[in-house]
Amino acid sequence: MTSFTIEKQGQEIQFDSSFTDVNDVRNYLRQQMSYNNFAMSLVEKKKVSEKQIAWMHYLATQSVIDSQTPAEKGEYVDLVEKMYDVGKNRKTKFQVRLPGITLSTVKSGANIGCVYVYENNQYVGKITQNGELKGNVSEDVKNLLEDANDNLLQLAKIYGHETGSCSICGRTLNDPLSVQMGIGPVCAKLFN
């Protein structure tokens with residue numbers, strides 16, 4: 001074990017790393033944290049300072065700790081799982097427009113696996129991979145999220161029926177059956 005110290009948000013953090021050398025850490029980060037732009041920027045450097053080496057060890061060590069610590073499931077875990085399950089075959093993010101809010105999956109960056117929450121097209125928070133809601137979210141939005149947790153497709157259909165636009169792709173619904181259903185036929189297949 002090697003001891004390291006980093007400074008994070010103005011505080012010194014001391015920790016022990018079980019990684020043998022910088023190449024061991026780089027390999028781990030490439031395999032386990034390729035979504036993290038900061039980690040990848042360190043991994044790709046040819047020459048790294050002692051501070052940067054310490055940061056690589058920190059990121060890898062925290063990743064190992066996180067992977068060994070069972071995460072508590074938050075109240076919106078079903079919603080997150082449904083969003084990613086329905087949108088799994090899309091190359092871009094998957095969005096669902098609901099009455100008053102929009103939910104969006106995250107395809108790149110440090111928040112992959114989270115669901116962003118927008119109210120009136122303004123970002124208000126996110127739901128983490130384990131279903132925990134974070135951000136400045138009103139009680140109305142929390143109530144909608146609770147409903148969406150249980151009835152995502154139903155709320156999406158209500159939005160589409162009320163607005164005349166598909167709640168998934170946003171296109172105008174022209175077919176009378178689609179208008180009545182509140183969702184277009186192609187987007188409806190995503191929920192099957």
Side-chain angles (χ1 to χ4, degrees), residues 31-40 62-63 65-192:
Q31 291 175 1
Q32 301 298 322
M33 296 189 71
S34 61
Y35 62 86
N36 185 311
N37 293 336
F38 176 62
M40 290 302 97
Q62 283 304 116
S63 175
I65 291 169
D66 291 347
S67 70
Q68 295 172 348
T69 306
E72 288 187 35
K73 291 191 176 192
E75 62 183 307
Y76 303 109
V77 72
D78 292 339
L79 179 58
V80 172
E81 289 173 357
K82 183 70 169 179
M83 289 285 295
Y84 278 90
D85 184 49
V86 172
K88 68 181 171 237
N89 294 324
R90 295 179 60 102
K91 292 181 181 175
T92 59
K93 65 186 174 187
F94 175 70
Q95 286 190 319
V96 177
R97 294 154 191 85
L98 304 174
I101 62 173
T102 300
L103 304 176
S104 177
T105 60
V106 182
K107 287 289 191 175
S108 63
N111 289 314
I112 289 176
C114 296
V115 171
Y116 287 159
V117 180
Y118 299 89
E119 182 178 22
N120 300 319
N121 296 321
Q122 297 269 320
Y123 173 85
V124 293
K126 71 178 178 182
I127 305 170
T128 63
Q129 292 174 330
N130 65 347
E132 183 183 353
L133 179 62
K134 295 186 176 211
N136 188 18
V137 179
S138 69
E139 284 302 314
D140 289 342
V141 171
K142 286 181 185 176
N143 290 335
L144 279 167
L145 290 173
E146 287 175 23
D147 288 345
N149 203 31
D150 297 327
N151 304 304
L152 181 63
L153 180 57
Q154 279 306 113
L155 284 176
K157 287 180 176 182
I158 290 169
Y159 171 89
H161 182 72
E162 289 176 354
T163 65
S165 298
C166 179
S167 56
I168 307 303
C169 67
R171 292 186 179 117
T172 302
L173 297 170
N174 296 317
D175 179 66
L177 180 60
S178 294
V179 173
Q180 183 181 359
M181 293 291 295
I183 191 170
V186 173
C187 292
K189 288 179 185 174
L190 295 171
F191 285 89
N192 292 331

Checklist line | H161 to Q180 - nearest heavy-atom pair and separation | finding: ND1-O, 3.4 Å

Check: Between atom CD of Q154 and atom CD1 of I183, what is the distance when rounded to the nearest 0.5 Å?
Finding: 10.5 Å

Notebook entry, point to check: For the atom pair SG (C114) and CD (E132), what is the distance rounded to the nearest 0.5 Å?
Noted result: 10.0 Å

Margin query: Could you work out, with ring pair (Phe, Tyr, Trp, His ring centres under 6.0 Å) as the rule, every residue matching Y159, not counting sequence neighbours?
Written below: none

Item checked: Pairwise distance OG1(T102) to CD(E119) - rounded to 0.5 angstrom -> 10.0 Å

Margin query: Salt bridge or not between D85 and K82? Use side-chain N to carboxylate O under 4.0 Å.
Written below: no

Checklist line | V106 and V115, any side-chain heavy atoms less than 4.5 Å apart | finding: no

Notebook entry, point to check: Between I168 and F94, does a side-chain contact (heavy atoms from CB on, under 4.5 Å) hold up when you go through it step by step?
Noted result: CA-CA 8 Å; I168 307 303; F94 175 70; 3.7 Å; yes

Item checked: Heavy-atom pair with the smallest gap, counting every atom of E81 and K73 -> OE2-NZ, 4.3 Å

Item checked: Exercise: identify the closest heavy-atom pair between S178 and L173 -> O-CD1, 3.6 Å

Checklist line | Test item: D175 side-chain N/O and L177 main-chain N/O as donor-acceptor pair under 3.5 Å | finding: yes

Donor-acceptor contacts, no H, no angles, side chain residues 140-153, under 3.5 Å, sequence neighbours left out:
{"from": "N143", "atom 1": "ND2", "to": "E139", "atom 2": "O", "distance (Å)": "3.3"}
{"from": "N149", "atom 1": "OD1", "to": "L79", "atom 2": "N", "distance (Å)": "2.8"}
{"from": "N149", "atom 1": "ND2", "to": "E75", "atom 2": "O", "distance (Å)": "2.7"}

Notebook entry, point to check: Any chance NZ of K107 has more than 12 other-residue heavy atoms, nucleotides or ligands included, within less than 6.0 Å?
Noted result: yes

Checklist line | Distance, nearest 0.5 Å, that separates OH of Y116 from CE of M83 | finding: 12.5 Å

Notebook entry, point to check: About how many Å separate NZ of K88 and CG of L190, when rounded to the nearest 0.5 Å?
Noted result: 9.5 Å

Notebook entry, point to check: Side-chain contact, heavy-atom cut-off 4.5 Å: R97 with S165?
Noted result: no

Checklist line | OG1 on T105 to CD1 on I127, rounded to 0.5 Å | finding: 12.0 Å

Notebook entry, point to check: What are the two closest heavy atoms between K126 and N111, and how far apart are they?
Noted result: NZ-OD1, 2.7 Å

Next item on the list: Give the minimum heavy-atom separation between C166 and G184, together with the two atoms involved.
Entry: SG-N, 3.6 Å

